[in-house]
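Numbers restart at 1 for each chain; the letters A, B, ... are given by sequence-line order, proteins then strands. What you see is a predicted model; the values in this text were computed from it and never measured.
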Number of protein chains: 2
Amino acid sequence: MATRTDALTRREQILKEAARLFAERGFHGVGVDEIGAAVGISGPGLYRHFPGKDAMLAELLVGISGQLLNGARRRVQESDGGGPEALLDSLIEGHIDFALDDRPLITLHDRELDRLRDSDRKLVRQLQRQYVELWVEVVREVYPDLTEPTARSAVHSVFGLLNSTPHLGRAGVLPGRGATAELLHRMARGAFGSAAGV
Amino acid sequence: MATRTDALTRREQILKEAARLFAERGFHGVGVDEIGAAVGISGPGLYRHFPGKDAMLAELLVGISGQLLNGARRRVQESDGGGPEALLDSLIEGHIDFALDDRPLITLHDRELDRLRDSDRKLVRQLQRQYVELWVEVVREVYPDLTEPTARSAVHSVFGLLNSTPHLGRAGVLPGRGATAELLHRMARGAFGSAAGV
DNA sequence: CAGGGAGGTTAGCGGTCGTTAACCTGGAGG
DNA sequence: CCTCCAGGTTAACGACCGCTAACCTCCCTG
């Protein structure tokens, strides 16, 4: 998942620090000078890499949505034989990995969407919708009693549950990463099960 | 829950509209002129009611946290006899009512906390912590196998689930309010149950 | 009926922020 | 060795925004 070598491109450095700062203080709460300072250059030097501040946010949000969707599609394709239960577990696992490893991005994901230009926002929304629909299909295979609207609501709610990781202790004080992942996984399955008749 | 009559005070109007705007575009993304326009006065007229823009956000966030905590405490006191299961159901119900009826406030609640002055932020955090601890105690009575850190993580996660309502269809297209509340309630209970051994 | 405060108004100041302009510099390539 | 460009720098502009100042006008009260 890294670029080519282990070192980050200046461009990737900028995106990473911008994501962190946007998540911490909000898009409007961070100045370009701060972003520049975070990567060791100052202020307008950023404009050698991005056409503007908006473009950084757009690239981050489109990247997040695309990454989630692509990961889910890959899991669907690699799941021949395991059955829908195993596939749902795989989707949950993938989402949890993302939520635990890229907390700032998860935060941005549903917080700063409205700051995008119309075209970018529509693209992100489309990617998000496809991701949701993919989940809805799998969930309804596992729990056939769920109607489609109910399944969709349930999926959104489980996303809320899984995306709660930024609120779990600023430093991962509580249990270790593995235990947290397991807990979230069990709770997600339990929530889906209770959404259906079970 | 209204003031004295049915009509809102100018001050309450302002708070309500400010909450909506802050939730939609973020604290820094809304200007005082817009807030004023939303209540029919323009710009600096707001300063007859609040010492500054920050004060509006502070009052909103402190109000939210206090309202949640007080509601929960009331439910605890009124629950003599029902047993912990009924009490947990009552807490869940109260939180769902709040999440469904005051979506903008729920959004603000965990999004703009960092924009507060230190003292206000500490107050809000303290109220939030008390609210969480109250839940943790009740949850551990219902599911004694849960360790305290696990129960706390589970509570945060269930909050994430319940607070997902802003993402469920901008207009309540899907099921009706009652059905949504029921669904969220079942999912929350299922999530707690699966967090414990069940 | 005088007067005064509550609750508006508009004009404008001061600071911040995104962006552009103009300039500099080290290192790769012919 | 000259050139040139990628990737910086600082200065500065223009817009916007929070807030204050100064002023106006009802309406309530003694």
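Scanning for salt bridge (charged side-chain N to carboxylate O under 4.0 Å, His left out) contacts around A:Arg129 gives an empty result, with sequence neighbours left out.
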Which donor-acceptor pairs under 3.5 Å do side chains of residues 79-88 of chain B form with protein atoms, sequence neighbours excluded?
residue : atom : partner  : partner atom : Å
B:Ser79 : OG   : B:Val76  : O            : 2.9
B:Glu85 : OE1  : B:Arg189 : NH2          : 2.9

Identify each donor-acceptor pair in which a side-chain atom of residues 190-198 of chain B lies under 3.5 Å from a protein atom, sequence neighbours left out, and give them as a table.
residue  : atom : partner  : partner atom : Å
B:Ser194 : OG   : B:Gly190 : O            : 3.1

Side-chain donor/acceptor pairs under 3.5 Å, residues 32-47 of chain A, sequence neighbours excluded:
residue : atom : partner : partner atom : Å
A:Glu34 : OE1  : A:Arg25 : NH2          : 2.0
A:Glu34 : OE2  : A:Gly31 : N            : 3.1

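The two atoms that bring A:Arg177 and A:Leu100 nearest to each other are NH1-CB, 3.8 Å, heavy atoms only.
Remark: C1' of D:dT10 and CG of A:Asp33 are 12 Å apart, rounded to the nearest angstrom. Atom-to-atom, CD1 of A:Ile14 to C1' of D:dA6 comes out at 13 Å; the value is rounded to the nearest Å. To the nearest angstrom, P of D:dC17 lies 13 Å from CZ of B:Phe22. Residue A:Ile41 contributes atom CD1, which lies 5 Å from atom P of D:dG8 at whole-angstrom precision. The interatomic distance linking B:Leu21 (CG) with D:dC17 (C1') rounds to 15 Å, in whole Å. If you measure from atom NE2 of A:His28 to atom P of D:dC17, you get 10 Å, rounded to the nearest angstrom.
Looking at residues 43-62 of chain B, you'll see B:Pro44, B:Tyr47, B:Arg48, B:Gly52, B:Lys53 sit with a heavy atom under 4.0 Å from some atom of DNA chain D.
Judged as a ring-ring contact (aromatic ring centres under 6.0 Å, His included), the pairs with a partner in residues 27-46 of chain B (not counting sequence neighbours) are, in order, B:Phe22-B:Phe27.
If you check every strand for non-hydrogen atoms under 4.0 Å, A:Val39 touches nothing.
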